[in-house]
Amino acid sequence: MFSKREYAVGPMKHEHLGELEELALLIVVGLGAEAYGVAVQKRLERDAHRPIALGATYAALERLERKGFLRSALGEATPQRGGRRKRMFAATAEGRRALRHARRTRDHLWRLAEAGERD
Amino acid sequence: MAGASSRLADAVLRLLVPASRREEVEGDLLELFEERVRTRGAWHARVRYWHDVGTIAWQARTVSPRIRPAPARRRPPSEVSMMLSSVLNEVKHASRMLARRPGYTSVAALTLALGIGATVAIFTVVNAVLLRPLPYPDSDRIVVISQHAPGLNMADLANSPGLLREYRAQARSLSVIGGYRQRSVNFADGGSADRLRVVAITPDLLAVLAVAPAIGRPFQAADSQKNAPRVALLTDAFWRARFGGDAAAVGRTIKLDGEPAEIVGVMPPGFQFVDPAVRLLVPLQLDAASQFGDFGMTALARVAPSSSVPAARREIEQLQSRIPEWFPDLTPDTLAKFGWSVTVERWRDRMVAAVARALWVLFATVGFVLLIAGTNVANLFLVRAEARQREIAVRAALGAGRARLAGVFLAESLVLALLGGAAGVTLALWATRLLVSYGPAQLPRLHEVRFDGRVALFAAALTLLSGLVLGLLPAVHAGRRNAAALVRDGGRGTTAGRARHRVRRLLIMTQMATAVVLLVASGLMVRSAARLAALDPGFEAGGVVTAGVTLGRHSDADRASAFYHAVLAEMARLPGVESVGATSALPIALNSLSGGSFAIKSRPTPDSALPPFAMYTAVTAGYFETLHIPILGGRAPTRADVEQHHLVAWVNRTMLTKFFAGAAIGESIKFGEQWLDVVGVVGDVKTFDVREPSRAMVYVPMGNALVPTDVMYAVVRTRDGAALPVAALRSAVDAVDRSVPLTAIRTMQEIVDASLAPTSFTMTLLTIAAVTALALGVVGLYGVISYVVSQRTAEIGIRLALGARRTDVYGLVLGQGLTVALAGVAVGLLAASAAARLMRSLLFEVSAHDPVTYAAAAAILTLVSLGATYLPARRAASIDPSAALRMQG
């Protein structure tokens with residue numbers, strides 16, 4: 001029979017970044033102090049042209065947090081949205097590193113691709 | 001989430017998202033919702049809102065560890081949890097299977113929704129009107145005591161203060177007895193006057209209801225003495241609307257019918273009595289020494305805790321024999337002539353007696369619709385089950401037990417039923433709202449209709465039951481089959497087995513039979529309604545507007561008459577008005593029509609016989625002319641009749657033939673103390689209800705002492721039926737006296753329609769049910785015959801290859817469909833003739849066995865079945881034999 005597989009929970013080294021995660025992380029960095037669920041969702045829809053449900057946005061942000069790329073905390077109450085607080089997100093140093101890594105990988109692959117086309 | 005979207009969505013969130021995260025999630029949802037309403041509109045926002053709630057719920061259940069912490073330690077799973085997880089697995093599997101076939105799923109779920117929705121909707125009404133207790137403590141102990149005297153032409157006399165006094169003194173089984181009368185008063189509190197519905201009650205009536213005022217004091221015995229200072233109790237709604245909910249209103253003085261009355265209290269919120277439109281309670285002032293007469297007061301009593309309703313009924317019935325003791329001018333002989341009797345019924349039963357039959361018939365009807373819908377889904381389900389034979393066989397071969405295999409179908413049917421139930425309840429909520437706003441006003445307790453716990457329980461039980469029945473059907477079916485054989489040939493026989501088709505045929509036959517029953521029921525109602533609509537009410541309703549002009553109690557009859565004449569003259573001057581008149585009671589409208597016994601000078605009543613009895617009403621010149629009531633002999637009423645107090649009367653045709661043998665003009669009749677000369681005969685008009693034959697009727701000139709002039713109903717006929725704005729009528733009254741209220745502005749047609757409303761309501765609902773049943777039945781028949789044809793493709797191909805003609809194939813398929821349909825029609829006709837007997841009281845001049853209706857129902861069903869079978873037959877006849885055989889290979 002099969003052996004039981006245990007999944008580790010918590011940050012791992014060299015976590016992989018999914019495409020949606022990469023976009024969400026990049027948006028959090030771009031939003032700075034204004035990064036919370038709705039803001040990320042809106043940017044995903046408007047600027048990344050990704051029609052996405054709020055639940056899926058939460059899922060992505062949560063995965064990023066579990067991987068240690070994001071941290072979050074509840075913000076201050078404001079008169080907007082019926083006085084309900086927002087969960088604010090910020091990229092960790094590891095998150096920024098992962099983004100830079102992803103970008104370098106992409107740039108490298110683009111160069112290879114362009115070289116290939118020229119052949 | 002105030003106003004953002006539905007409460008249901010919030011409940012979903014509360015259920016699935018832990019409290020620690022709810023705030024941020026709700027905030028995000030609200031923010032997005034508000035922005036989407038601004039940019040894309042409310043509809044888009046709501047759809048996206050639900051979508052988001054769905055994805056969050058899904059994410060909360062499946063992904064998020066923050067939301068669902070992992071169990072601390074793994075224990076070996078218990079038996080129960082194993083079973084539970086296996087059930088969950090089945091449900092998950094079933095959901096996936098259903099999601100993969102959205103067409104099948106939505107058709108099946110919507111069909112179920114239709115049946116469940118209709119049943120739940122009618123149950124909501126049945127529950128509120130027939131099942132729920134009245135809104136008073138221990139209300140099933142409240143009884144209504146009514147006296148009856150058919151010999152006096154008065155089927156229901158209600159009760160009288162004199163009798164009540166004696167019952168109070170004698171009856172041991174009743175702890176408290178009270179009485180009430182409904183009336184209207186002119187209410188003034190400073191500004192303009194309003195006409196208000198009030199109930200005049202004896203002080204102990206509140207004890208019968210077991211309700212006390214929330215503020216102030218209840219009525220006391222002294223309040224009901226003649227000439228006691230006037231007092232009033234306000235309902236909560238009226239108190240809030242007119243006095244802003246100010247506690248200082250208690251103790252204030254208002255004017256009722258021009259006389260001062262002190263507000264002594266306010267009833268608790270939610271208190272309702274007789275009619276939600278009632279605004280005030282006033283004491284019923286009684287003469288302490290009152291005699292036997294003065295009937296018309298409704299008597300309510302609370303049965304003593306030590307007694308019961310039947311015991312109270314026996315006691316009151318026995319007390320009837322002592323009436324001659326209490327009222328010496330009555331002899332047992334007179335009472336016998338009256339046909340004297342008493343009934344003691346639960347108040348609730350009395351209130352709903354008139355509609356109970358119709359509601360139960362409707363409930364049975366929607367039950368039938370549910371049955372038909374369920375049958376359709378069962379058929380779809382059986383077809384699906386057959387398509388899944390392979391899967392089932394494999395599962396069986398891998399060692400799945402019978403129970404496990406049954407579980408496969410049960411899971412799917414339960415998921416389907418839940419989908420159908422949820423959609424059905426939504427449908428029911430919507431339909432109930434529609435029923436309440438368009439239901440006939442005569443339906444008692446309609447304002448109490450709402451969705452409560454019992455309805456929810458009923459809906460849940462219905463859903464579960466549908467799921468179970470549906471799931472067990474193919475499970476029983478599948479359980480019997482030989483798994484090994486199925487794996488071998490893959491379930492691809494050439495002809496379907498007989499047993500398999502027998503179940504399906506039986507289902508279709510049931511459906512057809514049920515559809516026939518409903519078609520007959522609705523057909524009988526349609527014929528009744530047509531008969532009712534064709535009845536001649538005796539007047540021409542088209543183009544006539546009526547309005548109540550309420551002067552109130554007025555001591556001077558001449559000044560009252562002058563006032564009404566002035567108002568009529570103003571109305572006659574309005575543009576487009578052809579003629580005007582007025583009466584103290586409109587036909588059919590059931591407002592303050594009185595009756596009494598009278599004497600005829602030329603033929604005195606022998607002492608041994610009961611005197612003749614007639615209804616009477618006061619009219620002005622122009623009344624008969626305006627309603628187009630023909631004057632059959634003699635002269636029409638004139639203004640001089642009113643102004644010079646002519647002691648004259650008009651009789652209707654019924655009275656002419658009943659009491660005067662065809663010649664009434666010149667006769668004298670005596671009502672009360674005055675002799676009236678009959679100067680004219682007019683045509684019959686329907687008196688209380690269009691269904692009843694007209695009563696004997698006497699018309700006297702307005703102002704005659706017989707009929708008070710508190711309120712007169714103006715009738716106004718316009719040229720070519722032009723509409724007359726309310727403002728115009730109001731201005732006509734204002735021109736004479738601004739303080740006089742104008743009430744009950746209705747067209748004569750509305751009055752006639754209201755009288756027909758219970759019939760048309762039942763008819764409309766039954767017809768909708770029947771059409772739905774027919775449509776579902778036809779779809780079912782079509783589906784099954786198509787399926788049979790597709791299963792028999794190979795066989796038909798072989799037949800064609802062997803030389804069968806296309807017409808033979810037509811005959812084969814049509815014959816198969818029609819046999820089932822005709823068997824259904826036959827069974828249905830028999831069932832309908834049994835069921836229609838229950839409807840007899842709802843029908844009007846149509847026999848419960850009306851052959852036309854039965855024939856029409858049978859014909860419609862046969863024709864429609866022919867259509868439903870023809871399409872598959874044509875497909876069968878066009879089968880290409882070589883292709884069919886190749887397909888087999």
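Letters A, B, ... are given to chains in the order of the sequence lines, protein chains preceding strands, and every chain is numbered from 1.
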Strictly distance-based, threshold 3.5 Å: is any side-chain N or O of T105(B) a donor or acceptor partner for the main-chain N or O of L98(B)? yes

List in chain and number order the residues that pass salt bridge (charged side-chain N to carboxylate O under 4.0 Å, His left out) with R433(B), two or more places apart in sequence or in another chain; answer none if no residue qualifies. none

Under the rule for side chain to side chain donor-acceptor pair (under 3.5 Å), what residues qualify as partners of E34(A), not counting sequence neighbours? none

Do the charged groups of R81(A) and E24(B) touch, with an N to O distance under 4.0 Å? no

Can you pull out every salt bridge (Lys or Arg N to Asp or Glu O under 4.0 Å) where at least one residue sits in residues 408-421 of chain B? Sequence neighbours excluded, please. R384(B)-E412(B), R388(B)-E412(B)

Residues of residues 44-53 of chain A near chain B, each having a heavy atom less than 4.5 Å away: E45(A), R46(A), I52(A), A53(A)

Heavy-atom cut-off 4.5 Å, strictly under: side chain, backbone, both or neither for R48(B) against chain A? side chain

Take a 6.0 Å sphere around NE2 of H44(B) and say whether it holds more than 12 heavy atoms from other residues, nucleotides or ligands. yes

